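One-based numbering, in listed order, for ligands and for the atoms of each. This one's a predicted model, so the numbers in the text were calculated from it and none came from an experiment.
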Amino acid sequence: MKIPESHPRYESLMYRQRIVEGLRKGYVAEAGLIAHGRGEAFDYLLGERTAESAYDAERAAVAAILLSNKPVFSVNGNTAALVAAEIVSLAKVTGAGIEVNLFHRTDEREKLIEEILKELGTEEVLGVGEGMEILPHIESARARADPGGIWVADTVLVCLEDGDRTEALVKMNKCVVSVDLNPLSRTSQYASIPVVDNVVRAVPNMIELAGEMLSWSEGKLRKTLTDFNEEECLERMISLMRKGF
Ligand code: PTJ
């Protein structure tokens with residue numbers, strides 16, 4: 001479908017179209033359409049822009065990633081459809097690994113997302129095929145963790161997913177950065193750094209922040225991280241949504 005650029009909701013419709021195309025190509029899950037609609041509703045409540053406290057979380061997330069020995073970014077169907085190129089750029093700037101992790105996992109979807117990430121320049125895409133470790137207390141395919149990736153990572157970026165994996169990863173003493181527009185979701189509630197923002201704004205913001213923060217001293221990065229309080233950040237986001245922007 002061709003969306004006229006003059007349409008007042010052009011951008012939103014374009015992102016919706018990307019999800020639909022991802023479904024047609026076979027790498028977005030059917031449930032990904034429902035998840036996207038839920039995200040759109042939360043984004044309305046934020047005025048479809050990055051709130052100040054979300055930006056603070058994005059800055060803390062970049063500090064955590066830059067301070068990590070082994071950061072890994074997890075990619076699912078919706079994330080691949082919306083921000084594959086941006087995830088690859090952020091991984092390049094920060095030296096992070098990229099791992100495919102799917103809830104509605106099939107070999108075909110996993111391979112298609114691997115191809116997308118490789119075409120964008122990722123040399124090694126983690127999480128694909130056999131030989132994965134299994135995270136404890138998770139019964140879905142989301143439990144898969146690459147023994148050279150998320151399994152041994154100290155910081156993991158997860159976008160648009162439910163909370164059981166975030167909880168398991170935090171219990172394994174990993175720093176979990178989540179990107180989820182719902183501040184009440186289990187993912188946001190359990191994450192070490194909950195970014196309540198649309199992934200299409202959060203990841204580009206983090207690329208820009210990383211460009212600036214790469215030259216920061218370790219002390220300045222540590223201070224940015226310790227100054228961030230996840231509970232306060234979520235309270236601010238919930239209050240913003242209640243009051244209206
Ligand atoms: O590709 P798969 O098989 O791993 O499946 C991916 C989905 C998204 C289908 C799966 O993880 C899922 O069902 O997720 P949930 O439980 O619906 O959670 C998705 C969360 O992401 C919800 O809280 C949405 O509000 C939020 N969300 C949706 N779109 C965006 C978003 N958050 C940030 N940016 C968005 N664009």
Check your understanding: Counting each atom of ligand 1 from 1 as listed, which ones have a heavy atom of Val199 under 4.0 Å away?
Key -> 33 (C), 34 (N), 35 (C), 36 (N)
Practice item. Measure the CD-CE distance between Glu208 and Met213 for me, rounded to the nearest 0.5 Å. Key: 12.5 Å
Exercise for review: Only one of Lys243, Arg236, Met241 passes side-chain contact (heavy atoms from CB on, under 4.5 Å) with Ser239; say which it is.
Suggested key: Lys243
Check your understanding: If you take all heavy atoms of Trp151 and Met172, which pair is closest and at what distance?
Key -> CZ3-CE, 3.8 Å
**Study point:** Val200 to ligand 1, any heavy atom closer than 4.0 Å
**Key:** no
Review point. How far apart are the closest heavy atoms of His104 and Ala29, and which atoms are they?
Key: CD2-CB, 3.7 Å
Study note, to complete from the structure: Quick look: Phe42 vs ligand 1, heavy-atom contacts under 4.0 Å, and the answer is side chain
Review point. What residue and heavy atom of the protein are closest to atom 26 (C) of ligand 1, and at what distance?
Key: Asp180 OD1, 3.4 Å
Practice item. Just need the protein heavy atom nearest to atom 36 (N) of ligand 1, so name the residue and atom and give the distance. Key: Asn198 OD1, 2.8 Å
Practice item. Please confirm whether Phe103 comes within less than 3.5 Å of ligand 1 when only nitrogen or oxygen atoms on both sides are compared. Key: yes
Review point. Is there a heavy atom in Arg142 that sits closer than 4.0 Å to ligand 1?
Key: yes
**Study point:** Top protein contact for atom 5 (O) of ligand 1, by heavy-atom distance
**Key:** His104 CD2, 3.7 Å
**Study point:** Donor-acceptor pair, side chain of Ser74 and main chain of Leu157, under 3.5 angstrom
**Key:** no
Practice item. Quick one: look up the protein heavy atom nearest atom 6 (C) of ligand 1 and list residue, atom name and how far away it is. Key: Asn76 ND2, 3.6 Å
**Study point:** Nearest heavy atoms of Tyr27 and Ala80, plus distance in Å
**Key:** CE1-CB, 4.0 Å
Exercise for review: Without swapping roles, check the side chain of Thr166 against the backbone of Asp162 for a donor-acceptor pair under 3.5 Å.
Suggested key: no
**Study point:** Donor-acceptor contact present, side-chain Arg142 to main-chain Asn101, <3.5 Å
**Key:** no
Revision key, fill the gap. Min over Ala31, Gly77, Ala35 of heavy-atom distance to atom 8 (C) of ligand 1 lands on Ala35
**Study point:** N/O donor-acceptor pair under 3.5 Å between Thr226 side chain and Arg222 backbone
**Key:** yes
Check your understanding: Looking only at N/O atoms, are Ser185 and ligand 1 under 3.5 Å apart anywhere?
Key -> no
Check your understanding: Taking distance alone, with no angle check, do Ala29 and ligand 1 share an N/O pair under 3.5 Å?
Key -> no
Check your understanding: Out of Asn182, Leu160, Asp162, Val158, who gets a non-hydrogen atom closest to atom 7 (C) of ligand 1?
Key -> Leu160
Check your understanding: Does the protein put any heavy atom within less than 4.0 Å of atom 13 (O) of ligand 1?
Key -> no
Point to revise | Polar proximity ligand 1 side, Asn78 side, N/O cut 3.5 Å exclusive | key: no
Review point. Short list, please: which atoms of ligand 1 are under 4.0 Å from a heavy atom of Arg38?
Key: 15 (P), 16 (O), 17 (O), 18 (O), 25 (O)
Point to revise | Gly129 backbone acceptor or donor facing Glu110 side chain under 3.5 Å | key: yes
Check your understanding: By number and element, which atoms of ligand 1 are closer than 4.0 Å to a non-hydrogen atom of Gly32?
Key -> 9 (C)
Point to revise | For Phe73, the option from Thr94, Val177, Thr79, Val203 that meets side-chain contact (heavy atoms from CB on, under 4.5 Å) | key: Thr94
**Study point:** For Asp197, atoms of ligand 1 separated by under 4.0 Å from a heavy atom
**Key:** 33 (C), 34 (N)
Review point. For the side-chain contact (heavy atoms from CB on, under 4.5 Å) test, which of Leu181, Asp180, Val179, Val199 pairs with Leu160?
Key: Val199
Review point. Looking at Gly39, which atoms of ligand 1 are within less than 4.0 Å of one of its heavy atoms?
Key: 25 (O), 27 (N), 28 (C), 29 (N)
Point to revise | Among Arg105, Arg109, Glu161, Glu30, closest by any non-hydrogen atom to atom 3 (O) of ligand 1 | key: Arg109
**Study point:** Contact atoms of ligand 1, heavy-atom distance to Leu82 under 4.0 Å
**Key:** 36 (N)
Exercise for review: Only one of Ile150, Asp164, Ile138, Thr155 passes side-chain contact (heavy atoms from CB on, under 4.5 Å) with Leu169; say which it is.
Suggested key: Ile150
Point to revise | ligand 1 N/O within reach of Leu181 N/O, cut-off under 3.5 Å | key: yes
